[in-house]
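The basis for the numbers below is simple: all heavy atoms, side chains too, and nothing from hydrogens, waters or symmetry mates.
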Amino acid sequence: DKLSYYVILDRPIKITGQDAVLKDIAFVIDSTDVSLDGLTLTSTMNLGPLVTVGKSDVSISNMNISYIVKDGDSVAIDIKDVDNVNVTDSVIYVETHITEDTSSASAINVDKSSNILIDGNEFTTSFPALYASNYDWDYFMMGLNTVNPIRLRASENITFTNNKVNSTLN
């Protein structure tokens, strides 16, 4: 049923939005050489990550993302097991009201990736205060493993510059 809410990019493409607003639509990037520029994504429906980066050599820029969900995973941009990804000049807002840390919540999640540029963005999150019951014993980090405004984990060569991060409790 939710499959109709996803745009799967399985070949190189550049998508430029000029005043394009996509409501309750998520992108799955499953090709190298993909560029998303100037899109507005808004969702109050839980779709998992709004932008899933599953291949290398991807550029995400000038995006305006608003993701407000009651429960379940809520990650605006999810980057896993890839190389050479740029996320620049975007405004990203994520709000969730989850009650357990078994769900993931982040404005951006970078995991097991390399050569990542995150520059000139504005990240705003509103997350609940949760107990760290889902502790990652293999990673040995302080606090919550899955609920973080910005999650940079097990990655190499990340440049995180000129970003504004504002996170509040709800």
**Q** Just so I know, are the side chains of Y67 and N46 near enough to count as touching, which here means a heavy-atom distance under 4.5 Å?
**A**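 A side-chain contact exists here, since the closest heavy-atom pair is under 4.5 Å.
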**Q** Do S114 and D83 have side-chain N/O donor and acceptor atoms under 3.5 Å apart?
**A**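 There is such a pair (donor and acceptor under 3.5 Å, judged by atom type) between the side chains of S114 and D83.
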**Q** In terms of hydrophobic clusters joined by side-chain contacts under 4.5 Å, are I92 and I158 together?
**A** yes
**Q** Assess the side chains of S155 and S113: does a donor N or O sit below 3.5 Å from an acceptor N or O?
**A** no
**Q** Does the side chain of D73 reach to within under 4.5 Å of the side chain of L47, using non-hydrogen atoms?
**A**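 They are not in side-chain contact.
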**Q** How far apart are the closest heavy atoms of I116 and V82, and which atoms are they?
**A** CD1-O, 4.5 Å
**Q** Does the side chain to side chain contact (heavy atoms under 4.5 Å, CB included) test come out yes or no for V147 and I98, once each step is laid out?
**A** CA-CA 10 Å; V147 181; I98 56 177; 3.7 Å; yes
**Q** Measuring from atom OG1 of T99 to atom NZ of K70, what distance do you get when rounded to the nearest 0.5 angstrom?
**A**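 Taking OG1 in T99 and NZ in K70, the distance rounds to 10.5 Å.
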**Q** Measure across P149 and V165 and return the closest heavy-atom pair with its distance rounded to 0.1 Å.
**A** CB-CG1, 4.4 Å
**Q** Under the side chain to side chain contact (heavy atoms under 4.5 Å, CB included) rule, collect the residues that match up with S66, sequence neighbours excluded.
**A**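 By the side chain to side chain contact (heavy atoms under 4.5 Å, CB included) rule, S66 matches T42, I68, Y93.
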**Q** For N163 and N121, indicate whether the former's side chain and the latter's backbone hold a donor-acceptor pair under 3.5 Å.
**A**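 Side chain of N163 to backbone of N121: a pair is present.
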**Q** What distance do N84 atom CG and S59 atom OG have between them, rounded to the nearest 0.5 Å?
**A**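 These two atoms lie 11.5 Å from each other.
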**Q** Just by distance, with hydrogens left out, do D119 and N162 show a side-chain donor and acceptor under 3.5 Å apart?
**A**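 On atom types as modelled, these side chains qualify, holding a pair under 3.5 Å.
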**Q** Using the rule that Ile, Leu, Val, Met, Phe, Trp and Tyr join whenever any side-chain heavy atoms are under 4.5 Å apart, tell me whether I79 and L117 fall into a single cluster.
**A** no
**Q** Are side-chain heavy atoms of I108 and V87 found at a separation under 4.5 Å?
**A**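 Yes. Closest side-chain heavy atoms under 4.5 Å.
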**Q** With side chain to side chain contact (heavy atoms under 4.5 Å, CB included) as the test, would you mind laying out the steps for L39 and I15 before giving the verdict?
**A** CA-CA 8 Å; L39 296 171; I15 298 176; 4.1 Å; yes
**Q** Which residues pass the side-chain hydrogen bond (donor to acceptor under 3.5 Å, both in side chains) test with D30, not counting sequence neighbours?
**A**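 Residues passing side-chain hydrogen bond (donor to acceptor under 3.5 Å, both in side chains) with D30: none at all.
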**Q** Could you pull out the closest heavy-atom pair between S43 and L50, with the gap in Å?
**A** CB-CD2, 4.1 Å
**Q** Determine whether V91 and I150 fall in the same hydrophobic cluster, where Ile, Leu, Val, Met, Phe, Trp and Tyr are linked whenever their side-chain heavy atoms lie under 4.5 Å apart.
**A** no
**Q** Classify the side-chain pair D37/S61 by whether it contains a donor and acceptor separated by less than 3.5 Å.
**A**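 Note: D37 and S61 side chains meet the donor-acceptor criterion.
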**Q** Shortest non-hydrogen contact from A76 to A107?
**A**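 Smallest heavy-atom distance, with atoms named: CB-O, 3.1 Å.
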**Q** Apply side chain to side chain contact (heavy atoms under 4.5 Å, CB included) to the pair K80 and N109, showing each step before the final yes or no.
**A** CA-CA 8 Å; K80 285 186 184 172; N109 177 52; 3.7 Å; yes
**Q** Does a side-chain heavy-atom distance below 4.5 Å link I29 with T52?
**A** no
**Q** Is D81 paired with K112 through a side-chain N to carboxylate O contact shorter than 4.0 Å?
**A** no
**Q** Any chance you could measure D10, atom CG, to K55, atom NZ, to the nearest 0.5 Å?
**A** 10.0 Å
**Q** Quick one: pull up CZ in R153 and OG in S106 and give me the separation to the nearest 0.5 Å.
**A** 12.0 Å
**Q** Are the side chains of S31 and I13 in touch, meaning some heavy atoms are under 4.5 Å apart?
**A**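 Not in contact.
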**Q** Under a 4.5 Å cut-off applied to non-hydrogen side-chain atoms, are V53 and I60 in contact?
**A**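 Yes, close enough: below the 4.5 Å cut-off.
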**Q** How far apart are the C-alpha atoms of V110 and I118, what are their side-chain angles, what is the distance that settles it, and do they pass the side chain to side chain contact (heavy atoms under 4.5 Å, CB included) test?
**A** CA-CA 10 Å; V110 178; I118 303 168; 4.1 Å; yes
**Q** Kindly give the heavy-atom pair with the smallest separation between L41 and F27, and that separation in Å.
**A**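 That closest heavy-atom pairing would be CD2-CE1, 3.7 Å.
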**Q** Would you say that L36 contacts M63 through its side chain, given a criterion of any heavy-atom pair below 4.5 Å between the two side chains?
**A**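 A side-chain contact exists here, since the closest heavy-atom pair is under 4.5 Å.
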**Q** List for me each residue that meets side-chain hydrogen bond (donor to acceptor under 3.5 Å, both in side chains) alongside S126, sequence neighbours excluded, and say none if there are none.
**A**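 S126 satisfies side-chain hydrogen bond (donor to acceptor under 3.5 Å, both in side chains) with N170 once adjacent residues are dropped.
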**Q** Looking at T161 and T159, would you say the former's side chain and the latter's main chain have a donor-acceptor pair under 3.5 Å?
**A** no
**Q** Verify the neighbour count for atom NZ of K23: are there more than 12 heavy atoms of other residues, nucleotides or ligands below 6.0 Å?
**A** yes
**Q** Measure the spacing between CG of N115 and CG of N157 and express it to the nearest 0.5 Å.
**A** 4.5 Å
**Q** Any link between M45 and I65 through a network of hydrophobic side chains (Ile, Leu, Val, Met, Phe, Trp, Tyr) touching at under 4.5 Å?
**A**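 Yes, it is one cluster - the side chains of M45 and I65 are joined through contacts under 4.5 Å.
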**Q** Any side-chain heavy atom of V75 within less than 4.5 Å of one from V94?
**A** no
**Q** Linking I/L/V/M/F/W/Y whenever their side-chain heavy atoms sit closer than 4.5 Å, directly or via other members, would L22 and L9 fall into one cluster?
**A**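 Cluster IDs for L22 and L9 match.
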**Q** Quick one: closest heavy-atom pair of D111 and R151, and the distance?
**A**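 Result for this residue pair: OD2-NH1, 3.9 Å.
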